[in-house]
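Heads up, the thing below is written out as structure tokens.
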Number of protein chains: 2
Amino acid sequence: MAKKIDKKAAILDAMLDLVVKRGFHDAPMSALARKSGASPGVIYHYFPSKNDLIRALYQRVAAVKHRAFFEGYSHDMSARESLLHIWLNAYRFYRTHRKEARFLDQYLSSGYCKTSEDEEAESADPTVKRIMKWMRPKKHGGVLKDLPPEAIDSLTLGLAASLAKAPKAFSKDTLTRIAETVWTAIAEE
Amino acid sequence: MAKKIDKKAAILDAMLDLVVKRGFHDAPMSALARKSGASPGVIYHYFPSKNDLIRALYQRVAAVKHRAFFEGYSHDMSARESLLHIWLNAYRFYRTHRKEARFLDQYLSSGYCKTSEDEEAESADPTVKRIMKWMRPKKHGGVLKDLPPEAIDSLTLGLAASLAKAPKAFSKDTLTRIAETVWTAIAEE
DNA sequence: TCGATTAGAACGAACGTTCGATCTAGAAAC
DNA sequence: GTTTCTAGATCGAACGTTCGTTCTAATCGA
């Protein structure tokens, strides 16, 4: 049983490496077999096809990301506290999971698989729902300026992802300062 | 001569469509030949390899983008005016060139080709140089808050790109308001 | 007629996938 | 305790397909 899980994980790990190092267009099953130490046959024992494998990898990565974003979050935080907390979590995740970050970038822009279902699953999460109640313009019951949701997203999580790509890590002080700048830019009042 | 250019352009157009619709991993030369109306032989008459073709496409797209960003820009604009102007240009470009935007996303995150040379060529442009003198923290001679360059980029052009991906277009008023919000967020004073 | 341009058949290599053989570990039977 | 059975895990050669690319012969414009 342990063997089973290990091999499956090893295959996904190897595919993550492969996609990050060589790109979707150059990640053949032969290389995956070599890298993961699993024969082609065994890969197809665990995954019905290459597409399913990559989608499974995406789901694993997305789950890790989701957990990381909400780590330490509690429901009694104010909207401002929530945003600052999750924003720092996001930066930390992208910073400590650079391979995963690069994979997500590539997966989401490649159209490799449909993403609509994935997004629906994400937004069905009760914690996400709760936060989304605040993260919208004041006139819709939230606490933010009247900005389009894409702007909110880009100014917060998009910024965290961009900062994480910088060669050097930023200090917690710098990050907090940036997060507060962002908060004042998007919050009403 | 006109024929020659037309055919070459038709090939690049078809590849753009193909990559946007099916992704880098599923854009074979056979499909390109069908779509562009050029036989494989002709394609290899104009481009030495698939890699070169895609890189040529990237350069064409990047050039269009560069031109669009600086359209109407003049050297006597203030830093604030420059940013607002270029920001609106960027939004308009991403909005009216959605295929190109999707291609750039994919190309840049796929690691299909080395991008270092391309970036160097970009930053060698005298107009870009001039603007970059202003777009940096005050303590380095610019007019901005002390934010990392990645933050500046994400908060300005990254935001424009994100907004352009929204299903509906935003009015010029809304956009100007957003641009001004961004300016106050990143400018010193 | 001659060089440039083109179409499309053809190439070897590499692709994703399949398949029968083999191995392994633990349950069942005695 | 030993043997038998079995279901899943594993392997790697092989399959048919499709890939990127090349080649040859036909066509075109001068």
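Order of the sequence lines fixes the chain letters, A, B, ..., with proteins taken first and strands second; residue numbering starts at 1 for each chain. None of these values were measured; they are calculated from a predicted model. Atoms considered below: every heavy atom in the structure, side chains included; atoms not considered: hydrogens, waters and symmetry mates.
- With a 6.0 Å radius and a threshold of 12 heavy atoms from other residues, nucleotides or ligands, B:E81 has its CD atom above the threshold.
- Atom C1' of nucleotide D:dC19 and atom NE2 of B:H25 are separated by 15 Å, given to the nearest angstrom.
- Taking atom CG of B:L32 as the reference point, atom C1' of C:dG8 lies 15 Å away to the nearest angstrom.
- Comparing C:dC15, C:dT6, D:dG20 against the side chain of B:M29 picks out D:dG20 as the nearest.
- Put simply, the side chain of A:R55 reaches to within 4.5 Å of the side chain of A:Y107, judged on heavy atoms.
- Under 4.0 angstrom from either OP1 or OP2 of D:dT21 there lies at least one side-chain N or O belonging to B:Y44.
- Classification of B:R80 and B:E180 as a salt-bridged pair holds, one side-chain N sitting under 4.0 Å from a carboxylate O.
- Straight-line distance from the CZ atom of A:F24 to the P atom of C:dC15: 16 Å, rounded to whole Å.
- Distances were taken from every side-chain heavy atom of A:K7 (C-beta onward) to each of C:dT6, D:dG20, D:dT10; the shortest belongs to D:dT10.
- With respect to the salt-bridge test (charged N to carboxylate O, under 4.0 angstrom), the residues A:D146 and A:R136 do not qualify.
- Regarding contacts with the backbone of C:dC15, a side-chain N or O of A:S30 is found under 4.0 angstrom from either OP1 or OP2.
- Between A:N51 atom CG and C:dG16 atom P there is a gap of 11 Å when expressed in whole angstrom units.
- Taking only side-chain atoms of A:S49, from C-beta outward, the nucleotide of C:dT5, C:dT17, D:dT22 with the closest atom is C:dT17.
- Contacts between residues 34-43 of chain A and DNA chain D, counted as heavy-atom distances below 4.0 Å, involve A:G37, A:A38, A:S39, A:P40, A:G41, A:V42.
- Computed from coordinates, the A:I11 CD1 to D:dC11 C1' distance equals 13 Å when rounded to whole Å.
- B:H45 has its NE2 atom 16 Å from the C1' atom of D:dT21, to the nearest Å.
- For the salt bridge (charged side-chain N to carboxylate O under 4.0 Å, His left out) criterion with B:D17, the lone passing option out of B:R102, B:R22, B:K99 is B:K99.
- Between the C1' atom of D:dC19 and the CG atom of B:D26 lies a distance of 11 Å, rounded to the nearest Å.
- For the pair A:K8 and A:F47, the distance from NZ or CZ to the six-membered ring centre is under 6.0 Å and the angle to the ring normal is within 45 degrees.
- Residue B:Y46 has its side chain nearest to C:dT6 when only D:dC11, D:dA9, C:dT6 are considered.
- Computed from coordinates, the B:I54 CD1 to D:dG20 C1' distance equals 12 Å when rounded to whole Å.
- Between A:P48 and A:A31, it is A:A31 whose nearest contact on DNA chain C lies nearer the 5' terminus.
- A salt bridge does not link B:D125 with B:R130: every distance from a Lys NZ or Arg NE/NH1/NH2 to an Asp or Glu carboxylate oxygen is 4.0 Å or more.
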